[in-house]
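When a ligand or atom number is given, it counts from 1 through the structure's own listing order.
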Amino acid sequence: MAFLEDTQTVVDAAARIAKIPADILARLQTPDHVYAFDLAITGDGGTEKKFPAWRVQHNNALGPYKGGIRFHPDSNLDEVQALASLMTWKTSVVGLPYGGAKGAVVVDPRALSLRELEALSRAYAQAITPHIGPQADIPAPDVGTNSQILDWMADEYGKITGRWDPAAFTGKSVEKGGSRGREVATGFGGYIILREFLQLGSEASKLEAPLPSVVIQGFGNVGAHIARILFENGFRIVAISDSRGALYEPAGIDIPRVLEVKARTGIIDRGTCFALSPHAPPCRTFTNAQLLELPADILIPAALEDVITQENAPKIRANIILEMANGPVAHEADEILARRGIEVIPDILANSGGVVGSYFEWVQSLENKYWSEAEVLQRTDEKLTAAFAAVAAEKEARGTTWRMACYIRALTRVAEGMKRV
Ligand code: NAD
């Protein structure tokens, strides 16, 4: 609930500064469509299993609805609504021809067999098929979903509509019309935004020379890729974590070695420390809560929302927070961090590399013409560098926070689109 209210509070504040007309703001505070489903599959034991699910389409003033599908046991409608509206602002702030949407199924995908996971993915695709399409609403992966799940969904959609239409989904495997570079695009985009931020030379961007220290929460698609890219670019990753545990090593963690170990064991825990020795310095295990409060130049929450709250915001010791997860900093925490001079680079800009990568996949699928990974990343770099410069100019002109500057730009563009039809 806090996540949805926080999102609406930020939108209201930005709308006042951007002078968005009241009737337009009222329409933006509720989604265009909310579809609710009760998905049923036959479990491996032969009994029926049911799963609540949603697709929320927030706004399509600038183009088809666009947004991921989350499989998570704690998903709820408020969260999906908040995430759908974040997609509207994210696609707008980076200048994509899209609106915003999000979907979710209340399920722990790790508790299902592969057969059950496929059945559930196909059931969800059947439910949303009447509401989606390449020029209507284009789903993608999010937490708990991956290219295999999107391949099943795209296949099911094709069976129902009677034609294979790869542009109806993004985040597919390369074999099924996905884009090279899509998987790394979110982490890569976060690196580009951080690179541009550090080049500004502001007070907060003056780092511990010569190896800026980084703490990363979450080691999934987003966290693991940004950890690797930052490691390769000379950053010192001092702490990482996943849902099972956290590692801390002030001298720097050997990320390629952790990736190798995690590929074998699937988790980050004390065993990971032992597996790293003797090639890397011994490291200590920590809890996720402790991890957020470690001293570092840059803190990167890359797991779930609302992890930095008014309780722990006074204890954060990083100079910069790069929001790679969606909504990791609660609104009250944002105000505390701003007062403390900690710069927060907001999710809708920091993690927008994912939707930019999705956009390039959609373009390639529509044209049936595929690009190299280098070309995808080069175009992502250009798009995000331009978006960052525009937000930086807005921030400078308004004398406001990064988050407010992003929302002012995003809202202005969407409101303009709404006025024209
Ligand atoms: P993922 O499922 O691949 O990884 C999530 C990671 O977070 C895992 O390592 C998991 O163990 C960890 N985690 C879960 N609960 C945790 C907890 N309580 N404490 C610490 N770690 C925890 O998901 P992802 O795709 O990497 O997404 C992460 C975040 O980034 C989400 O907020 C998502 O909405 C956002 N995001 C993802 C993309 C994308 O392209 N995948 C794009 C934009 C935003």
Check your understanding: Got an N/O contact under 3.5 Å between N351 and ligand 1?
Key -> no

For [atom], which of the options [options] provides the nearest non-hydrogen atom?
atom                    : options               : value
atom 5 (C) of ligand 1  : G187, A140, G220      : G220
atom 24 (P) of ligand 1 : V222, V356, I348      : V222
atom 19 (N) of ligand 1 : D74, N326, N288       : N288
atom 31 (C) of ligand 1 : A303, G353, G68, G189 : A303

I need the contact type for [X] against ligand 1. Using non-hydrogen atoms and a strict under-4.0 Å cut-off, is it side chain, backbone, both or neither?
X    : value
A302 : backbone
R182 : side chain
R244 : neither

Anything under 30° is parallel, anything over 60° is perpendicular, the rest tilted; go ahead and classify [X] against [Y].
X    : Y    : result
W371 : F360 : tilted
W362 : Y359 : tilted
Y35  : H131 : parallel

Any atoms of ligand 1 less than 4.0 Å from a non-hydrogen atom of [X]? List them with their elements.
X    : result
V143 : 2 (O), 23 (O), 27 (O), 31 (C), 33 (C)
Q217 : 19 (N), 20 (C)
D142 : 33 (C), 34 (O)

For the pair [X] and [Y], find out whether any cationic side-chain nitrogen is under 4.0 Å from an anionic carboxylate oxygen.
X    : Y    : result
D108 : R110 : yes
E260 : R264 : no
R70  : E79  : yes

Study note, to complete from the structure: Exactly one candidate in D137, D78, D142 meets salt bridge (charged side-chain N to carboxylate O under 4.0 Å, His left out) with K102; the answer is D142

Review point. Do H58 and W89 have ring centres separated by under 6.0 Å?
Key: yes

So which protein heavy atom does [atom] come closest to, and at what separation?
atom                    : result
atom 25 (O) of ligand 1 : N221 CB, 3.7 Å
atom 21 (N) of ligand 1 : D242 C, 3.3 Å
atom 40 (O) of ligand 1 : T186 OG1, 2.7 Å
atom 2 (O) of ligand 1  : G144 N, 3.5 Å
atom 18 (N) of ligand 1 : L304 CD1, 4.8 Å
atom 17 (C) of ligand 1 : S243 CA, 4.2 Å
atom 30 (O) of ligand 1 : M324 O, 3.4 Å

Check your understanding: Are any of the heavy atoms in E183 under 4.0 Å away from ligand 1?
Key -> no

Exercise for review: Before giving the answer on salt bridge (charged side-chain N to carboxylate O under 4.0 Å, His left out), spell out for D381 and R195 the whole-Å C-alpha distance, their side-chain angles and the decisive distance to 0.1 Å.
Suggested key: CA-CA 11 Å; D381 188 338; R195 181 194 71 193; 2.9 Å; yes

Check your understanding: Is the number of heavy atoms from other residues, nucleotides or ligands under 6.0 Å of Q81 CD greater than 12?
Key -> yes

Practice item. Could you tell me the separation between the NZ atom of K383 and the CZ atom of R379, rounded to the nearest 0.5 Å? Key: 10.5 Å

Exercise for review: Go through N351 and T186 one step at a time and tell me if the side chain to side chain donor-acceptor pair (under 3.5 Å) criterion holds.
Suggested key: CA-CA 6 Å; N351 70 30; T186 310; over 6 Å; no

